[in-house]
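Heads up, the thing below is written out as structure tokens.
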Amino acid sequence: MGLTTLEPTATVDDVCAVIERDGGVIVRDMAGSALIDRVLAELDPYLMASKKGQDRFTGFETTRTNRLLGRSRSCGDLVMHPLFLETSERVLQPHEGIQIGGTQGIRVGPGSAAQSLHRDDGGRGPRAHPGPDSELTIIYAGTDFTEENGATWVIPGSHKWDDQRKPSRSEAVQAVMPKGSALMWLGSVYHGAGENRTADEFRIGLLFLYMVGYLRQEENQYLSVPLEMVKQYPERLQRLLGYSLYGRFTGYIDWMEDPHQYLLEH
């Protein structure tokens, strides 16, 4: 079974239907080249300065740049893309709220080995599979994702597997897609970066993660995004960064005080 690719005109219903069935979906030209180019121009100094990974999983020829929302104002347009945001809100229901769990610019260099197939949600504490999903991730193609430069491997349907079943590379397919397109997948789906077999081609992905509001963020957004930059973002994004209550009691400043109000006053 391959990955389904939807057109940029796809609705939230279309995307959710494929994710429910397969655990992941590609949306062609979701962001467009112009926005991607603007983001990459803003991030370029940080992408070039990031250190390579120190083990096979992080990639000896791969760099990972975090704090994207604190370094690129245009990244707000990627994380707040209506199709991604509204899909995340629906997929992660019936929880009372979602938050931005992490951001990462991934630059996979020539000679980078394939990453082991893994689930993302295991890093947030013990979880039983199959079960309610706690996160949804998107990676925008900053460059074309090809078989040769290591397009992400995904095992469609693996979100329905139990914890005893182990992944096999023979079950995985590559998320081949042009620049500006995007791959969305559930935290319970087995996936991993592919091997970059090219001589001089870097594969760049821009990754954003939504997760349920009661979990601790993977990337600490309070320290990652300077307060003066947080205040430049729209209220919805401020709340998604964590300046909000989850339910009635989680995240308050003084008793029951909405932290967004505190943000406005300081």
Side-chain angles (χ1 to χ4, degrees), residues 1-32 35-36 39 68-69 75-93 95 98-106 115 117-121 123-124 129-130 132-145 150-161 172-194 203-212 215 218-219 237 240:
M1 178 172 63
L3 279 169
T4 296
T5 298
L6 298 176
E7 294 301 305
T9 54
T11 66
V12 175
D13 286 341
D14 297 331
V15 173
C16 287
V18 178
I19 288 177
E20 181 179 358
R21 184 190 68 201
D22 299 340
V25 63
I26 295 171
V27 180
R28 186 180 63 80
D29 197 30
M30 183 166 162
L35 174 55
I36 293 297
V39 169
L68 300 192
L69 288 166
C75 277
D77 295 327
L78 294 180
V79 75
M80 288 285 286
H81 190 295
L83 194 58
F84 178 40
L85 176 57
E86 293 171 25
T87 297
S88 299
E89 289 174 327
R90 188 178 301 182
V91 166
L92 300 179
Q93 293 292 342
H95 302 290
I98 63 172
Q99 62 183 328
I100 296 168
T103 69
Q104 197 168 95
I106 304 172
Q115 190 181 41
L117 297 171
H118 61 282
R119 284 169 157 157
D120 285 337
D121 60 7
R124 255 62 79 194
H129 301 96
D133 279 286
S134 58
E135 56 191 76
L136 183 73
T137 299
I138 192 168
I139 189 166
Y140 291 94
T143 59
D144 291 344
F145 277 35
T152 307
W153 288 91
V154 180
I155 302 183
S158 56
H159 62 307
K160 299 179 181 178
W161 293 3
V173 295
Q174 280 187 282
V176 172
M177 56 183 178
K179 177 181 176 178
S181 302
L183 166 68
M184 282 184 260
W185 72 93
L186 296 170
S188 53
V189 167
Y190 279 105
H191 67 285
R203 178 175 66 82
I204 299 175
L206 300 165
L207 182 148
F208 302 90
L209 161 69
Y210 278 120
M211 61 198 308
V212 295
L215 290 175
E218 178 177 301
E219 177 186 48
L237 182 47
L240 288 166

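For the single chain, residues carry numbers from 1 onward in sequence order.
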Exercise. What distance do L92 atom CG and Q99 atom CD have between them, rounded to the nearest 0.5 Å?
Worked result: 10.5 Å

Exercise. What pairs with E20 under salt bridge (charged side-chain N to carboxylate O under 4.0 Å, His left out), at least two apart in sequence or on another chain?
Worked result: none

Exercise. Which is it for L117 and I155 under the side-chain contact (heavy atoms from CB on, under 4.5 Å) test, yes or no, and what are the steps along the way?
Worked result: CA-CA 9 Å; L117 297 171; I155 302 183; 4.0 Å; yes

Exercise. Taking the side chain as C-beta and beyond, is there a heavy-atom pair between L136 and I19 under 4.5 Å?
Worked result: yes

Problem set entry | Sub-4.5 Å side-chain heavy-atom contact between V79 and T103 | no

Problem set entry | Closest non-hydrogen atom pair between V212 and D133, with its separation | CG1-O, 4.4 Å

Problem set entry | Approximate separation, where rounding is to 0.5 Å, of T9 OG1 and D14 CG | 8.0 Å

Exercise. If every non-hydrogen atom of G23 is compared with every non-hydrogen atom of V189, which pair is closest and at what distance?
Worked result: O-CG2, 3.3 Å

Exercise. With D121, which residues qualify under side chain to side chain contact (heavy atoms under 4.5 Å, CB included), at least two apart?
Worked result: R119, R127, H129, S134, E135, S188

Exercise. Rounded to the nearest 0.5 Å, what separation is found between the CD atom of E86 and the NE2 atom of H81?
Worked result: 10.0 Å

Seminar exercise, completed: All heavy atoms of A10 vs all of L83, minimum pair found to be O-CD1, 3.7 Å

For this session: Taking the side chain as every heavy atom from C-beta outward, state whether L240 and M80 have any pair of such atoms under 4.5 Å apart.
Result: yes

Problem set entry | Non-hydrogen atoms of S88 and I98 that approach each other most closely | CB-CD1, 4.0 Å

Exercise. If we only count heavy atoms from C-beta on, is the I138 to M30 side-chain gap below 4.5 Å?
Worked result: yes

Problem set entry | side chain to side chain contact (heavy atoms under 4.5 Å, CB included) partners for I26, two or more places apart | L3, T5, A175, M177, L183

For this session: List in chain and number order the residues that pass side chain to side chain contact (heavy atoms under 4.5 Å, CB included) with E218, two or more places apart in sequence or in another chain; answer none if no residue qualifies.
Result: R124, L209

Exercise. What pairs meet the side chain to side chain donor-acceptor pair (under 3.5 Å) rule with one or both residues in residues 151-160, with sequence neighbours excluded?
Worked result: none

Problem set entry | Closest heavy-atom pair and its distance - L207, W185 | CD1-CH2, 4.0 Å

Problem set entry | Partners meeting salt bridge (charged side-chain N to carboxylate O under 4.0 Å, His left out) with D29 (sequence neighbours left out) | none

For this session: Mind listing the closest non-hydrogen atom pair of C75 and F208 along with its distance?
Result: SG-CZ, 3.9 Å

Problem set entry | Interatomic distance, I139 atom CD1 to Q104 atom CD [nearest 0.5 angstrom] | 8.5 Å

For this session: Return the set of residues passing salt bridge (charged side-chain N to carboxylate O under 4.0 Å, His left out) with R90 (not counting sequence neighbours), or none when no residue passes.
Result: D13

Problem set entry | All side-chain hydrogen bond (donor to acceptor under 3.5 Å, both in side chains) counterparts of E89, not counting sequence neighbours | R236

Exercise. Okay, side chain of T143, backbone of I204: is any donor-acceptor separation there less than 3.5 Å?
Worked result: yes

Exercise. With F84, which residues qualify under ring-ring contact (aromatic ring centres under 6.0 Å, His included), at least two apart?
Worked result: Y210

For this session: Mind checking side chain to side chain contact (heavy atoms under 4.5 Å, CB included) for P178 and listing every partner two or more places apart, or none if nothing turns up?
Result: R28, D144, S181

Problem set entry | Contacts of Y140 that satisfy ring-ring contact (aromatic ring centres under 6.0 Å, His included) - sequence neighbours left out | none

Problem set entry | Contacts of E219 that satisfy salt bridge (charged side-chain N to carboxylate O under 4.0 Å, His left out) - sequence neighbours left out | none

